[in-house]
Every structure is written in structure tokens, then in C-alpha cells.
J.: 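For reference, the structure I am asking about is given below.
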Amino acid sequence: MKKFLSALIVMLVVTFTANICAAMEYYSVPVTHLKSIIGNWYDTNGNLVLNISNDYTINGYRIVSVGYTGDTVAFYKVRITDGSSYGDVYLQTMGSYDGYHSMLVLNEQFALRNTQSPRYVESVGGIYLGMDKNQVAALYGQPSSISNQRNYTTWKYINEGFHVTFNYDVVSEITIYKYGNRRFDKSGLSAKSSRADFEYKYNSSVSRRGSITIGHGEVISIGNDGVSLRFLTPGYVL
């Protein structure tokens, strides 16, 4: 398998143990099923990791077959070859798919984005959707507490009054609480702000469920005790 080790990524093809993606049932689809994820994919430091080309190769290796399963999230099992040996690459879509946050999870380990530099609408104290754990820790240090659930990890910063949820080690949600001192960087709003304030600042209407879209695949949810910024994913009910 060493023939598959690319200069762009050392772990393109890995051996899986107790792997969710590997254990899934896939059905065969044409390679053109990958057309929605064609392009360059970068890690959170801006390094090019994957190139899925128009001629259906991955980092120059020919795609032999594609297995697919999923609904709002797409899972792919992609078999590639160098002409003499074969390997499987597992890809999972994540984030919002019509905005700034189209992401791919590689081999259930690495979250990749489709732009070299981050793009986002709103942030909280410098934290934005798609930022990685190390970048958050560089800003705020280690959290007051950490909780884990499957692919999700939540860091709570109790003194500042917010928590950050990571999916595959990138920020998928930021929640600020009324007792804290955090504000949204762009609008200046806090968890104490009214719904009317949110509608005015973002030029949009808050739904009955308390959600407001702010553009480019981002949504804010207003609760009784706090306000959350998260991806607007397919199937999300506003």
C-alpha cells in the first residue's frame, strides 16, 4: 500500500478497525456520483490534502468504483488504483453545502474544507464555524470541562459563558449564554439581545422555533438561556 502514499497526505489509505464507514452497506453508483465534491480540499491550516479531479482521479490515482449510502449526509467508499494495487478511501459530507462551509471528512479522521482560507459570516470572540481545536485552544486555552459523544466533543468555558462543539475536531456550533460576556463579532449582539435586534441586524426574520438564517450556510438559534451559531445543514428545521 505504500504506493498509495501521496505527498499531499500520508494517511490517504488506512487500515480500519471497528470503523463505522467501513462497516456500512454501500450500493454501487457511477463515478459521476462524485461530481458534487470535485475539486481541491484543504485542511484547517490551508494545506492541500485531496484533489478530486474532473477525470475522476483522487490525488492522481484512478477511481475504480464508488459505493454510496446516505440521506442528508452522503457517505462514499471510493476504490482507487495505481494500476497494480488497490485501496479504499472513505469520504463523508459535512457542514452546509450551499454556502461557505462545504466540508468532507476523510477516513473518519480529517475534516477538510473546499477553500484554502476559512470563510464565514459570523464569529464569537474570534471563533468561527470550521475552526479547529488547536486554533480555539490558542485563543482561549483549555476549557473548564470537556464532554464527548460519538464524533462530537464539547468544550465549556464557564467563566466566559460559552461552549464550543466540535465535529471531527472542527467547530460545528458555538453557544453563548445570558450569564456570560460573549458577543457575536459582526453584529455585536449577545444572548441578552431581543429577537427584534437579531432580525434588524441580520435583515431576516426569526422563525417560530427561534432560528434565523444569516447567510452562506449559517444559522442562529435563540433559546431561553442562550444563543447558538451553527451550520445550516440539509434537513435542519428552522
J.: Count the heavy atoms of every other residue, nucleotide or ligand shown that sit under 6.0 Å from CG of Asn148, and state whether that count exceeds 12.
T.: yes

J.: Is the closest side-chain heavy-atom distance between Pro143 and Lys156 below 4.5 Å?
T.: no

J.: Is a donor on one side and an acceptor on the other found under 3.5 Å between the side chain of Thr81 and the backbone of Gly83?
T.: yes

J.: Check whether any side-chain heavy atom of Phe231 sits under 4.5 Å from a side-chain heavy atom of Glu173, and report yes or no.
T.: no

J.: Rounded to the nearest 0.5 Å, what separates atom CG in Asp197 from atom OG in Ser190?
T.: 8.5 Å

J.: Quick one: do the Asn167 and Ser172 side chains pair a donor with an acceptor below 3.5 Å?
T.: no

J.: Are Leu232 and Leu238 packed together at the side-chain level, in the sense that at least one heavy-atom pair is separated by less than 4.5 angstrom?
T.: yes

J.: Ignoring hydrogens, what is the shortest heavy-atom contact between Arg182 and Phe162? Give both atom names and the distance.
T.: CG-CD2, 3.5 Å

J.: Transitively linked via ILVMFWY side-chain contacts under 4.5 Å: Met131 with Ile176?
T.: yes

J.: Determine, using the 4.5 Å side-chain heavy-atom cutoff (strictly less than), whether Tyr42 and Val170 are members of one ILVMFWY cluster.
T.: no

J.: Is Thr115 reaching over with its side chain to a backbone N or O of Pro118, donor-acceptor style, under 3.5 angstrom?
T.: no

J.: Looking only at side-chain N and O atoms, does Ser147 offer a donor or acceptor that is under 3.5 Å from a partner on Gln149?
T.: no

J.: Are Val164 and Met94 joined in one hydrophobic group, where the rule is that I, L, V, M, F, W and Y side chains link up if heavy atoms are under 4.5 Å apart?
T.: yes

J.: So, do Thr32 and Tyr56 sit near enough that their side-chain heavy atoms are less than 4.5 Å apart?
T.: yes

J.: Keeping the roles fixed (side chain from Thr93, backbone from Ala74), state whether a donor-acceptor pair exists under 3.5 Å.
T.: yes

J.: Looking at every non-hydrogen atom in both residues, tell me the closest pair between Val136 and Tyr157 and how far apart they are.
T.: CG1-OH, 3.9 Å

J.: Taking Ser144 for its side chain and Ile158 for its backbone only, find out whether a donor-acceptor pair lies under 3.5 Å.
T.: yes

J.: Are the side chains of Tyr128 and Asp185 in contact, using a 4.5 Å heavy-atom criterion?
T.: no

J.: Please report the closest heavy-atom contact between Arg195 and Ser207, naming both atoms and the distance.
T.: NH1-O, 3.6 Å

J.: Give me the atom names and distance for the closest heavy-atom approach of Gly125 to Tyr140.
T.: O-OH, 3.0 Å

J.: So, does Glu199 use its side chain to make a donor-acceptor pair with the main chain of Ser205 at under 3.5 Å?
T.: no

J.: How many angstroms lie between atom CZ of Arg113 and atom CZ of Arg119, to the nearest 0.5 angstrom?
T.: 10.0 Å

J.: What's the separation between atom OG1 in Thr154 and atom CZ in Phe166, rounded to the nearest 0.5 Å?
T.: 8.5 Å

J.: Under 4.5 Å between side-chain heavy atoms, counting indirect links through other Ile/Leu/Val/Met/Phe/Trp/Tyr residues: same cluster for Leu104 and Tyr100 or not?
T.: no

J.: For a quick test of reading the model, state the closest non-hydrogen atom pair linking Ile214 to Val121 and the distance between them.
T.: O-CG1, 3.6 Å

J.: Does any N or O in the side chain of Glu160 come within less than 3.5 Å of the main-chain N or O of Asn181, such that one atom is a donor and the other an acceptor?
T.: no

J.: Kindly say whether Glu122 contributes a backbone atom to a donor-acceptor pair with the side chain of Glu218 at under 3.5 angstrom?
T.: yes

J.: Measure the shortest side-chain to side-chain distance between Val219 and Arg230 over non-hydrogen atoms and say whether it is less than 4.5 angstrom.
T.: yes

J.: Distance from Glu108 atom CD to Phe75 atom CZ, nearest 0.5 Å?
T.: 8.0 Å

J.: Looking at side-chain heavy atoms only, is the closest gap between Phe184 and Val227 below 4.5 Å?
T.: yes

J.: Given the rule in the side chain to side chain contact (heavy atoms under 4.5 Å, CB included) test, do Phe110 and Leu50 qualify, once you have shown the distances and angles that lead to the verdict?
T.: CA-CA 11 Å; Phe110 309 102; Leu50 283 183; over 6 Å; no

J.: Tell me whether the count of non-hydrogen atoms from other residues, nucleotides or ligands lying under 6.0 Å of NZ in Lys201 goes above 12.
T.: no

J.: Would Thr233 and Thr72 count as a side chain to side chain contact (heavy atoms under 4.5 Å, CB included) here? Give the steps.
T.: CA-CA 8 Å; Thr233 55; Thr72 56; over 6 Å; no

J.: To the nearest 0.5 Å, what is the distance between CD on Gln109 and CG on Asp169?
T.: 10.0 Å

J.: Short question: side chain of Arg183, backbone of Gly188 - any donor-acceptor pair under 3.5 Å?
T.: yes

J.: Are the side chain of Asn59 and the backbone of Val49 linked by a donor-acceptor contact shorter than 3.5 Å?
T.: yes

J.: Can you tell me if NZ on Lys186 sees more than 12 non-hydrogen neighbours from other groups inside 6.0 Å?
T.: no

J.: Assess whether side chain to side chain contact (heavy atoms under 4.5 Å, CB included) is satisfied between Leu91 and Ile52, documenting all intermediate values.
T.: CA-CA 11 Å; Leu91 303 173; Ile52 304 174; 4.1 Å; yes

J.: Does atom CG of Asn45 have more than 12 heavy-atom neighbours, drawn from other residues, nucleotides or ligands, at distances under 6.0 Å?
T.: yes

J.: To the nearest 0.5 Å, what is the distance between OG1 (Thr175) and CG (Asp225)?
T.: 11.0 Å

J.: A quick test of your reading: do over 12 heavy atoms of other residues, nucleotides or ligands sit less than 6.0 Å from CG of Asp55?
T.: yes

J.: Would you say the side-chain atoms of Thr57 pair up with the backbone N or O of Tyr61, donor to acceptor, closer than 3.5 Å?
T.: no

J.: Going hydrophobic residue to hydrophobic residue with side-chain gaps under 4.5 angstrom, can you get from Met103 over to Ile38?
T.: no

J.: Out of Tyr177, Tyr152, Trp155, which residue meets the ring-ring contact (aromatic ring centres under 6.0 Å, His included) rule with His163?
T.: Tyr177

J.: Are Tyr26 and Tyr68 close enough that their ring centres sit under 6.0 Å apart?
T.: no

J.: Of the non-hydrogen atoms in Ser211 and Ser221, which two are nearest, and what is the gap between them?
T.: OG-OG, 3.4 Å

J.: Please step through side chain to side chain contact (heavy atoms under 4.5 Å, CB included) for the pair Tyr76 and Val66, ending with a clear verdict.
T.: CA-CA 7 Å; Tyr76 300 100; Val66 178; 4.0 Å; yes

J.: Decide if the gap between the ring center of Tyr120 and the ring center of His101 is smaller than 6.0 angstrom.
T.: no

